[in-house]
Amino acid sequence: MINQDIARIFTEIAYLLEAAGEQKSQFEANAYLKASRAISSMQEDLETIYEKGGKDALLSIPGIGKGIADKIVEYINSGSIQKYEDLKKKYPIDFISLMKIEGLGPKKLAVLYQALGITNVEELRNAILNHKVRGIPGFGEKSENQLLKNIEMAERVSERIPIWKAYPEALRIKNYLESTGYALIVEIAGSTRRMKETIGDIDILAASEYPNALMDKFVEMDGVSSIIAKGDKKSTVSLKIGTTCDLRIVSKESFGAAMQYFTGSKDHNIKLRRLAIGKGMKLNEYGLFSGDKNIVSGMPEEKVYETLDLAYIPPELREDRGEIEAAAQKRLPEIVQYGEVKGDMFSKMDVSNIKNITGISYVFVDSGDGPLTDLYMYTFDGGRAVKTGASIKALDCSKLNAVSELKSASGVIMLYNIDSLGLPESAAVQNLIEKLSKSGIIVLINSSDVRPTSDFLYSLRKYDFKVAIGSFSDEPSLEGSMRFGIGITRRAWIEKNRIINTLDANALMSYLKNSQ
DNA sequence: GCCGTTTTCGGCCCGACTGTTTTCAGTCG
């Protein structure tokens, strides 16, 4: 799998082009960054795509044109890209590490390299400690101090945190801000709202008539380890859980447009803004403007899409993967709503002693250890779990040698742990699913580990299989443990009618019976 | 370097914040 290597090289090429600093190369850099993002979120191996479909197949990937396709082919054939090697000679800078330091971008790094020969974090730290950085154009005493702090922070803060950790924290912050009394509306935005499996930072959006007071409350709240920036429209803090949190404050009139804007993704927004321009309008976080008139002022987020002649696009689909085109044709997939899941297809609860079950009317409980086990269905009656007699077979794919057992088994099979094998083997799982397609196979989503990833499920969605969502938790709840699994299916464009636990208990029992 | 409901040329999202600047460039999301 060469995707991540190529994505990294393209990202570096973009930084190198920006460091070189010519006006025109800024746009070229953006093109490389966009191609890099597209490639790193792809599950299919570029090399395989090229082997099967040649250069045309590469050109069909959005963001990849003739120039970049040639670079990919060059890498496949020779293991390197000449343009990258040439640029790297000019600026032998470790951009990937240095860019993680807040406040440093390609331009400043180029200046630091030319003035002081700095190529990595250690050299930067030494230069700061010897006060060599102050005095360089664009740097002063303040930036030296700030950079030193940010180096430490970059080393401390982990890359991205999982959604199951970010979401409760985001909810806590939302509730806290609401409790201050200074906010009219508070909502979670950004990748947390899009239910991305990993979160780079938490974005919160508020409407307020007292922005200064609300910002004060925000930066001094529990869980903040340091303040990165503070203004009356935008502030950023570093959180103890190992990520940062942005609070943006807008007026009530702008809230709908702002929700759209701050939910992202970046590529989705760029395409949406271009569409607005094409229709003679302008879209930003304050509204959708026709001339000077804000035509969605005070309206909910849905109005932005409606005004652009699009069906409403749920946050989980906003990744510029064709959702805008589909919305224009009113052909978006009908994905499941969070409240529409009726049961838990893989629960770890103790059925002899049930505690809290909210919004769940049945559970399937594991009966043993082996790679192929029976899950038994229970419903609830007056605080008691009742065994129904229905069951389903589940195969642990991390024990793939058990495929032979699969052949001898009959009836409906659920596959789980399907991506615990690492990347080369994921091709094996794909083959397996392709082969079992149309035979009533079910892919089970692990809502606790948030896997398989939505990208993987998205790439498999063309095959004929059903999907089930399991909490893998001892406390199944629609709002809590089940939520992230539901999010995966939404991000993966899986239609609601493919998810078997949207059926109520009776319907599911007859489904299982008819499939035996 | 990519891309096309105006287009195969000429555009390319856009505003907030910071620090070092006397009016702005760089960074960030």
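Convention: sequence-line order gives letters A, B, ...; per-chain numbering from 1. Because only heavy atoms are used, hydrogens play no part in the values below, and waters and symmetry mates are left out as well, while side chains stay in.
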Practice prompt. Looking at every strand, decide which applies to A/L272 at a 4.0 Å heavy-atom threshold: base, sugar-phosphate, or nothing.
Written response: nothing

Worksheet item: Going by distance alone, is a donor N or O of one side chain under 3.5 Å from an acceptor N or O of the other, for A/D246 and A/T236?
Response: yes

Worksheet item: Of the candidate nucleotides B/dT27, B/dG1, B/dG29, which contains the atom at the shortest distance from the side chain of A/K107?
Response: B/dT27

Discussion item. Over all strands shown, is A/D232 touching base, sugar-phosphate only, or nothing at heavy-atom distances under 4.0 angstrom?
Written reply: sugar-phosphate

Discussion item. Looking only at the side chain of A/D246 (C-beta and beyond, no hydrogens), which of the listed nucleotides B/dG29, B/dG1, B/dG15 gets closest?
Written reply: B/dG29

Practice prompt. Send over the distance from A/I270 CD1 to B/dC13 P, rounded to a whole Å.
Written response: 6 Å

Fill in: Distance below 4.0 Å between A/R274 side-chain N/O and B/dC12 OP1 or OP2
no

Worksheet entry | Side-chain donor/acceptor contact of A/Y261 with base of B/dG15 under 3.5 Å | no

Worksheet item: Closer to the 5' end of DNA chain B via nearest nucleotide, is it A/G63 or A/Q146?
Response: A/G63

Item to complete: Would you mind reading off the distance between A/D201 atom CG and B/dT27 atom P, rounded to a whole angstrom?
Response: 18 Å

Worksheet item: Which value, in whole Å, describes the distance between the C1' atoms of nucleotides B/dT27 and B/dC13?
Response: 16 Å

Item to complete: Nearest-nucleotide wise, let me know which of A/K230 and A/G65 is further upstream toward the 5' end of DNA chain B.
Response: A/G65

Practice prompt. Give a yes/no answer on whether the side chain of A/K108 brings an N or O atom under 4.0 Å of OP1 or OP2 in B/dA25.
Written response: no

Worksheet item: When rounded to the nearest 0.5 angstrom, what is the spacing between NZ in A/K55 and OG in A/S60?
Response: 13.0 Å

Fill in: Any-strand Watson-Crick or G-U partner of B/dT8, both distances under 3.5 Å
none

Response to the item:
A/K142 has its side chain closest, among B/dG15, B/dG1, B/dT20, to B/dT20

Worksheet entry | Nucleotide of B/dC17, B/dA16, B/dC13 approaching A/A229 most closely (side-chain heavy atoms) | B/dC17

Worksheet entry | N/O (side chain, A/S143) to phosphate O (OP1/OP2, B/dT20) under 4.0 Å | yes

Discussion item. Please tell me whether A/S459 and A/E44 have a donor and an acceptor in their side chains that are separated by less than 3.5 angstrom.
Written reply: no

Worksheet item: Using atom P of each nucleotide, how far apart are B/dT23 and B/dC28 to the nearest Å?
Response: 25 Å

Discussion item. Side-chain N or O of A/N269 versus OP1/OP2 of B/dC13: is the shortest distance under 4.0 Å?
Written reply: no

Worksheet item: Is the shortest side-chain N/O distance from A/Y15 to OP1 or OP2 of B/dT27 below 4.0 Å?
Response: no

Worksheet entry | Shortest non-hydrogen contact between A/K34 and A/G63, atoms and distance | CG-CA, 4.4 Å

Fill in: C1' spacing across the pair B/dT6 / B/dC14, given as an integer number of angstrom
22 Å

Item to complete: Specify the separation, in whole Å, of atom CG of A/L104 and atom C1' of B/dT27.
Response: 10 Å

Discussion item. Categorize A/I101 for me: base, sugar-phosphate, or nothing, with a 4.0 angstrom heavy-atom threshold over every strand shown.
Written reply: sugar-phosphate

Worksheet item: Just one of A/R194, A/H268, A/K196, A/K266 clears the side chain to side chain donor-acceptor pair (under 3.5 Å) bar with A/E319, so which one?
Response: A/R194

Worksheet item: Could you give the NZ-to-P distance, from A/K55 to B/dC2, as a whole number of Å?
Response: 10 Å

Worksheet entry | Nearest-Å distance for atom pair CG/C1', residues A/L33 and B/dG29 | 13 Å

Worksheet item: With a non-hydrogen cut-off below 4.0 angstrom, is A/K271 in contact with a base, only sugar-phosphate, or nothing?
Response: nothing

Item to complete: Give A/P106 one of three labels, base, sugar-phosphate or nothing, depending on what nucleic acid heavy atoms sit under 4.0 Å from its own.
Response: sugar-phosphate

Worksheet, complete the sentence: Only one of A/E74, A/E12, A/E28 passes salt bridge (Lys or Arg N to Asp or Glu O under 4.0 Å) with A/K83, and that residue is A/E28

